[in-house]
Structure formats: structure tokens, C-alpha cells
Amino acid sequence: MTHPKHLIQVFRGNRRIASGVRLTKYFALTAAHRLGDDREQRRRPVVVRLSDGRRLEGEVKDCDLLTDMALVRIIFRKGESVPLPGIDFDAAQPGESWTAAHQPPGNGVVLRGTVSHVSVIYQSTRDNQAVNCHQLRHDGSCGNVQKFAGSPIDREHPDPDHPSVVLGLLVARPTATTASANTLFAGVIIEAVRRFDSFRFRPEPSQPPSESEQIYTVLQDPQAEAAARKDETVRAGLQRAGVSSYVNLRWNHRP
């Protein structure tokens, strides 16, 4: 079986506890509820298995129970080079088809379905904090959906060699929901960017980036943006990738 390059598996010891999605060379997201029942358990180190089978240490940098997402820093051995996976992130469209990147070995089960609602309130607090998520419908072919926790949810495409477009990752079913039994919930990347302090946005670089704290910098360049909007190559590329928009990021950590 081939494994999508953006898919990771998270272990404690020899026990797999969740899947996850690589965001950058150094950082990945997984489902927070799978890391433990209390803060101390959730902060324990993990082992991250990459798509090529290599196992690396992982540090749980942050857990956000409101989104049910956890940020994990992948610790590479000295001199080890691991390129970033070819991956796009995009907002889901109502009614479009999706598949879970994680597939349990041996049984050939694929978790798939359609997007019911693009943006619903996932959870909220008494002080009016609220986070949104995608609400999904699965086709019922998989009885135990818990084993897919943390899996990236990819836009379904008829060409298996087409670059992956990630819509979110599977999170826990909120306790207050009245949605039907075949409803799943996917945390969205924009909420992770909003909630985690490790994502730092600056109008311009003011100091050298810290490998453990700053993932990327967004630079405002009106001339470059205007030129990109007029570029037929850019428009054609977006259409081929199946995405409606893009943001040009200057990555601080390159492979």
C-alpha cells in the first residue's frame, strides 16, 4: 500500500493512537483527544511515523480542546533531510466528495463521503469563544470511525496521482451535537492557525526565525499579488489543482 506523503501516524510506544497531517517540515496536526485525558498525559512525547516508514520523536507543542487539534513538532536527527510533501490546503465546498487519507492496513476499507456543511460551530465557551469546523456525511461503509481520528480529509479526485488537497482532519464528535450517527466533523486548518501561538504572522521579518516557534512569515507585496492575478499560468494551475484561491507563503524552514 502506498501512503500519502502528508499523512503521519502518531504512536506512544508501539501503540498507534492517531493519524495526523504534516503542515510543514517540522510541524504536524493530530486529534487532541487521542493524546490523553488530562494535560499531563497529552503533553507526553510521541513517536511520529512518516509515510516512508521512518519513525521520529515528536514533541506535543500545544493542545487545543476547543478545536480538538494538537500541534506536534517533528524532531529530525542531525543531518537528516526530509522534503516537504506536495500538498495544498483548501476550504471545502458544499456537497463535494472527500476521502480519509488513513486506510487501516489489511482490510481495504476506505472512509469516504460528502461535505454536508462547510462551516458549523464545533464548540464554544461561556465567554463567547467559538470555533468552526466542516460537517461531513460518511457513506456508512465503515463501522468503526474512531480508528480514523486525526486523519486528513482529502478532496476526492478520480486521478490517484493528482496532488492532494486537504480540507481538514477528523476530530471527535462534540458531546452537544444532535447530528445523525453518520455525521463526522473535520477541524479546519484556519482554526489551527488562529488558535496556536506557534503560527506567527508578521508584516515583515524583524528578526531571524526561531525553528521551534515560527513556522512561516506572510509578506505583503501588492505588486506581486496584482501580477499573479493577471497571470494565466496561475489561474490554470489553480483550476488543475481544484482550488479556488491561494496564498504565497515564505517558508522559514526549507528542506
Side-chain angles (χ1 to χ4, degrees), residues 1-87 89 100-105 146-154 164 166 168-172 186-187 189 191-200 207-217 249 251-255:
M1 178 184 295
T2 59
H3 300 278
K5 293 182 178 180
H6 60 286
L7 173 67
I8 65 166
Q9 304 296 348
V10 182
F11 290 78
R12 286 246 169 84
N14 292 322
R15 185 173 68 92
R16 176 190 167 275
I17 58 175
S19 298
V21 58
R22 285 185 66 197
L23 299 178
T24 72
K25 177 177 178 179
Y26 293 95
F27 287 88
L29 283 178
T30 188
H33 76 277
R34 299 293 298 172
L35 297 177
D37 296 327
D38 57 45
R39 177 181 171 83
E40 183 177 353
Q41 287 182 341
R42 289 190 291 268
R43 289 288 188 168
R44 288 170 50 206
V46 296
V47 173
V48 175
R49 189 180 72 195
L50 302 181
S51 60
D52 60 7
R54 280 180 288 180
R55 292 181 177 236
L56 301 168
E57 294 181 6
E59 176 191 6
V60 180
K61 292 290 294 182
D62 205 351
C63 280
D64 182 55
L65 299 184
L66 201 60
T67 60
D68 190 33
M69 289 190 284
L71 187 67
V72 176
R73 185 170 74 93
I74 305 171
I75 303 172
F76 292 95
R77 304 176 187 92
K78 186 176 181 180
E80 186 170 17
S81 177
V82 179
L84 286 166
I87 182 175
F89 296 91
H102 171 64
Q103 296 181 26
Q146 295 299 320
K147 56 190 174 186
F148 293 90
S151 173
I153 293 299
D154 296 349
S164 298
V166 175
L169 74 158
L170 283 176
V171 292
I189 307 303
E191 290 289 4
V193 173
R194 188 167 67 90
R195 300 283 298 178
F196 291 132
D197 290 338
S198 290
F199 291 87
R200 304 288 177 83
Q207 59 185 10
S210 166
E211 181 173 299
S212 63
E213 292 184 357
Q214 190 175 330
I215 297 177
Y216 54 73
T217 301
L249 301 179
W251 297 100
N252 292 322
H253 307 308
R254 297 185 182 273

Seminar exercise, completed: In terms of heavy-atom contacts, Gly13 and Arg55 come closest through O-NH1, 4.1 Å
Exercise. Is the closest side-chain heavy-atom distance between Val47 and Val10 below 4.5 Å?
Worked result: no
Seminar exercise, completed: Nearest heavy-atom contact between Ser151 and His102 is OG-N, 3.0 Å
Exercise. Would you say Glu57 has more than 12 foreign heavy atoms packed within less than 6.0 Å of its CD?
Worked result: no
Exercise. Quick one: does Ile153's side chain get under 4.5 Å of Leu169's, heavy atoms only?
Worked result: no
For this session: Search all heavy atoms of Ala70 against all heavy atoms of Cys63 and return the closest pair with its distance.
Result: CB-SG, 3.7 Å
Exercise. Just how far is it from atom CG of Leu65 to atom NE2 of His33, taken to the nearest 0.5 Å?
Worked result: 11.0 Å
Exercise. Testing Arg43, Arg73, Arg195, Arg39 for salt bridge (charged side-chain N to carboxylate O under 4.0 Å, His left out) with Asp62, which one passes?
Worked result: Arg43
Exercise. Distance under 6.0 Å and angle within 45° of the ring axis: does Lys61 meet both against Phe196?
Worked result: no
Problem set entry | Min side-chain heavy-atom separation His6-Val166 under 4.5 Å | yes
Exercise. Taking all non-hydrogen atoms of both residues, which atom of Leu7 and which atom of Ala101 are closest, and how far apart?
Worked result: CD2-O, 3.7 Å
For this session: Mind listing the closest non-hydrogen atom pair of Gln9 and Ser19 along with its distance?
Result: OE1-OG, 2.9 Å
Seminar exercise, completed: Minimal heavy-atom distance between Ala172 and Asp68, with the atoms involved, is N-OD2, 2.8 Å
For this session: Inspect the surroundings of CD in Glu80 and state if more than 12 heavy atoms from other residues, nucleotides or ligands are less than 6.0 Å away.
Result: yes
Exercise. Do Ile74 and Lys25 come within less than 4.5 Å of each other through their side chains, counting heavy atoms only?
Worked result: no
For this session: Evaluate the side-chain proximity of Val72 to Val46: yes if any heavy-atom separation is below 4.5 Å, no if none is.
Result: yes
For this session: Report yes if the side chains of Thr30 and Val60 come closer than 4.5 Å at any heavy-atom pair, otherwise no.
Result: no
Problem set entry | Step-by-step side-chain contact (heavy atoms from CB on, under 4.5 Å) determination, Leu35 to Arg44 | CA-CA 8 Å; Leu35 297 177; Arg44 288 170 50 206; over 6 Å; no
For this session: With rounding to the nearest 0.5 Å, note down the distance linking CG in Asp37 to CZ in Arg42.
Result: 8.0 Å
Seminar exercise, completed: Here the gap from Leu23 atom CG to Ile189 atom CD1, rounded to the nearest 0.5 Å, amounts to 5.5 Å
Problem set entry | Interatomic spacing from CG in Asp64 to CD in Glu191 - rounded to 0.5 Å | 9.0 Å
Problem set entry | Asn14 CG to Arg16 CZ distance, which is reported to the nearest 0.5 Å | 14.0 Å
Exercise. Heavy-atom distance under 4.5 Å between the side chains of Val48 and Arg22, does that happen here?
Worked result: no
Problem set entry | Thr67 side chain reached by Arg194 side chain, heavy atoms, under 4.5 Å | no
